[in-house]
Participant: 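Below: one structure in structure tokens.
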2 protein chains.
Amino acid sequence: MDAQDADSASGFERVFAYLQERLLDGTLKQGERLMAERELAAQLGVSRPIVREALRALHVLGIVEIRERVGTIVKRPDASMLKDFFTLALAQQADLIDDVMEARIAIECQAVRLACERATIADFERLQRALIRIGETIDDADAGGAADFDFHRAIVLASRSPTLAVLHESMSTLLARSHRSRRELVQQFSSMKSYLIDDHKRVFDTIVARDPDRAEVTLRRHFAIGDEYRRRAVTGEGDRPETRSAQGA
Amino acid sequence: MDAQDADSASGFERVFAYLQERLLDGTLKQGERLMAERELAAQLGVSRPIVREALRALHVLGIVEIRERVGTIVKRPDASMLKDFFTLALAQQADLIDDVMEARIAIECQAVRLACERATIADFERLQRALIRIGETIDDADAGGAADFDFHRAIVLASRSPTLAVLHESMSTLLARSHRSRRELVQQFSSMKSYLIDDHKRVFDTIVARDPDRAEVTLRRHFAIGDEYRRRAVTGEGDRPETRSAQGA
DNA sequence: TTTTTCGTTCTGGTAAGACCAGTAGGATGA
DNA sequence: TCATCCTACTGGTCTTACCAGAACGAAAAA
């Protein structure tokens, strides 16, 4: 194994694996500076461009920060590269958009549960602000979409979970466009305005009530109704979707 | 903006942005080969090492495949790099492990719902095989952990969602170790054997019954009970956790 | 004509050396 | 003691060069 690591593996692999080990075994901790590129290259017996490839790799993974003329520093992991990934991945497989949407629902449903347990006053305030803006911007597709987005983001932030937040952000940025086009359905369905306002309000209320089960059910129905609107828009059916369980709220 | 892209941005940024654009606007499609490194370097006015840094970056993001002496090919996006990311990220912030676990629960709960709608016979068979193995390996921490892992993975696979599958895999690989240590609690709690066997069976039954709501509730309770076992192990309390809603199944 | 073989050409992988431009920190001078 | 300057060091980048294997077409053999 060691022999293979040292011999058969490519230079890049060796350097990357070396740094990975150092990061995993705690030799390199957050905030610390790595060896200089030249030093690293000499120590591992590779050329500097190879070392730079490995450092770039760690950089796009959000593990290190490369500061010009200063050095390479281990930073607090940042998953913003997920955004790049999802964006590029979706460009290749556009059909994944519904799939990603489902993953987003997964994240939000878990988030709303945690939010019920952990939300602070500040979180409630953020949610309420978003709620008010949704009402104010109901006739504006762009601003309305942004307000909608903010509300859902506020839910995830209220969950106080960095992982959920990062996953959600990387996906919702990507879904923003489709979200916006959905907002344009407001013109088609008169009932959609009240859906947008009242339904978000219902979700908000369940969080304030700190009722995880009801919060998730309400949020899930919120997504389902939105889907139904979209379906009707595609098939050209009339107004008022109201999934069969609308009496529950 | 263009001027800035061309002037102020570093060479790496330029190349990366250029390739990103090409991927987003569909100029580069899956399976296609990129320009040769030399050609790319000449066209963008940078040196080959810089181009290689950008290509490596796309490679670690799982967007392209670099085939030695053949070329760089746009491949089907592969999120396996998430595994690297989560692994390295967790090494820096070990306290994130509970946070990641919550995200995993989010994924599985959504997956089990979708599985109820979409699971095929093959999925049922895979689930059942895992179930049987859980019973067979109940006294073996290693094999038992693997069986447990397989069962949960089977749920996600049954959801037929690539995104959920990829997210789940990247997290569960990482959680495998903590999962395993949890399995060693089997020795401490006599009731845990039946928990492991019966509880998984209950989840399986709800999927077969294609009842999303009950499936999610059951799975959520499954996680809660596991957590409770772990809590008791830490605090040194006795046997039989049985969260207050155990009669529901 | 078909098949095999060979070799040129192109590709990525890597090394080595060099220059630039800021940074950091010690040495120097006020 | 403090402000200033200088120098070593760092990352950013380019250039040149060589290797080895893959691809592909031409030439030779069947």
Side-chain angles (χ1 to χ4, degrees), chain A residues 3-20 22-23 28-75 78 81, chain B residues 3-20 22-23 28-75 78 81:
Chain A
Q4 206 206 357
D5 283 3
D7 297 341
S8 76
S10 71
F12 170 81
E13 305 284 354
R14 284 213 315 277
V15 179
F16 191 78
Y18 172 82
L19 292 173
Q20 201 166 3
R22 286 303 158 103
L23 288 164
L28 286 171
K29 292 195 251 336
Q30 190 174 325
E32 287 186 0
R33 222 199 65 187
L34 275 66
M35 274 181 287
E37 295 178 356
R38 289 170 178 82
E39 198 181 341
L40 207 47
Q43 180 167 333
L44 296 180
V46 298
S47 67
R48 197 152 77 99
I50 302 301
V51 170
R52 287 181 57 77
E53 285 179 26
L55 292 179
R56 280 288 192 203
L58 288 175
H59 178 236
V60 300
L61 286 177
I63 307 293
V64 302
E65 185 185 351
I66 304 180
R67 287 231 287 262
E68 198 165 335
R69 283 156 229 121
V70 175
T72 305
I73 290 108
V74 183
K75 69 169 185 178
D78 167 20
M81 94 288 184
Chain B
Q4 205 205 358
D5 285 3
D7 297 341
S8 75
S10 72
F12 170 82
E13 305 285 354
R14 285 214 312 277
V15 179
F16 191 78
Y18 171 83
L19 292 173
Q20 202 166 0
R22 286 303 158 104
L23 288 164
L28 287 171
K29 292 196 252 331
Q30 190 174 322
E32 287 185 0
R33 221 198 67 186
L34 274 65
M35 274 179 287
E37 294 178 356
R38 289 169 178 80
E39 197 180 342
L40 207 46
Q43 179 167 335
L44 297 180
V46 297
S47 67
R48 195 150 79 96
I50 302 300
V51 170
R52 286 180 58 76
E53 284 179 28
L55 292 178
R56 267 314 179 191
L58 288 175
H59 178 237
V60 299
L61 286 177
I63 306 293
V64 303
E65 185 184 353
I66 304 180
R67 286 231 288 262
E68 199 165 337
R69 281 158 232 114
V70 175
T72 305
I73 290 110
V74 182
K75 69 170 185 176
D78 167 20
M81 94 289 188

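Fair warning: this is a prediction, and the values are worked out from it, not measured in the lab. Convention: sequence-line order gives letters A, B, ...; per-chain numbering from 1.
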Participant: Picking from C/dG12, D/dG11, D/dA22, which would you name as closest to the side chain of B/Glu68?
Facilitator: C/dG12
Participant: Just compare C/dG13, C/dT11, C/dA15 and give me whichever is closest to any side-chain atom of B/Arg69.
Facilitator: C/dT11
Participant: Please tell me which of A/Ile50 and B/Glu37 maps to the more 5' nucleotide of DNA chain C, matching each residue to the nucleotide holding its nearest heavy atom.
Facilitator: B/Glu37
Participant: Just the rounded figure in Å: distance from C1' of D/dG12 to CZ of A/Arg38.
Facilitator: 10 Å
Participant: Rounding to an integer number of Å, can you tell me how far B/Leu58 CG sits from C/dG12 P?
Facilitator: 14 Å
Participant: Expressed in angstrom and rounded to an integer, what is the separation of B/Leu44 atom CG from D/dT13 atom P?
Facilitator: 13 Å
Participant: Output, in order, the C-alpha distance, side-chain angles, deciding distance and verdict of side-chain contact (heavy atoms from CB on, under 4.5 Å) for B/Leu61 and B/Phe16.
Facilitator: CA-CA 12 Å; B/Leu61 286 177; B/Phe16 191 78; 3.9 Å; yes
Participant: On DNA chain D, compare the nucleotides closest to A/Pro49 and A/Gly71; which residue's is nearer the 5' end?
Facilitator: A/Gly71
Participant: Between C/dA15, D/dT10, C/dA24, spot the one nearest the side chain of A/Ala36, thanks.
Facilitator: D/dT10
Participant: Once you apply a heavy-atom cut-off of 4.0 Å, does B/Ile66 come out as touching a base, just sugar-phosphate, or nothing?
Facilitator: sugar-phosphate
Participant: With a 4.5 Å limit on heavy-atom distance, are the side chains of A/Val64 and A/Leu19 in contact?
Facilitator: no
Participant: Should A/Leu34 and A/Leu55 count as side-chain neighbours, where that means a heavy-atom distance under 4.5 Å?
Facilitator: yes
Participant: I'd like to know if B/Arg52 reaches the base of C/dG13 with its side chain such that a donor and an acceptor end up less than 3.5 angstrom apart.
Facilitator: no
Participant: The side chain of A/Arg33 is closest to which nucleotide in this list: C/dG12, C/dT14, D/dT10?
Facilitator: D/dT10
Participant: Quiz question: by atom type and distance under 3.5 Å, do the side chains of A/Tyr18 and A/Arg14 form a donor-acceptor pair?
Facilitator: no
Participant: Do you know which of A/Leu23, A/Val15, A/Thr72 makes side chain to side chain contact (heavy atoms under 4.5 Å, CB included) with A/Leu58?
Facilitator: A/Leu23
Participant: Both A/Val46 and B/Thr72 contact DNA chain C. Taking the nearest nucleotide for each, which residue is further toward the 5' end?
Facilitator: B/Thr72
Participant: Are any of A/Arg48's side-chain N or O atoms less than 4.0 Å away from OP1 or OP2 of D/dT15?
Facilitator: no
Participant: Could you tell me how far apart A/Leu55 (CG) and D/dT13 (P) are, to the nearest whole angstrom?
Facilitator: 13 Å
Participant: Take the protein atom CZ of A/Arg67 and the nucleotide atom C1' of C/dT23, then report the distance between them rounded to whole Å.
Facilitator: 11 Å
Participant: Between atom CZ in B/Arg14 and atom P in D/dG12, what is the gap in whole Å?
Facilitator: 14 Å
Participant: Could you state the atom-to-atom distance from CD of B/Glu39 to P of C/dG12 in whole Å?
Facilitator: 9 Å
Participant: Please give, in whole Å, the distance from D/dT10 P to A/Glu65 CD?
Facilitator: 18 Å
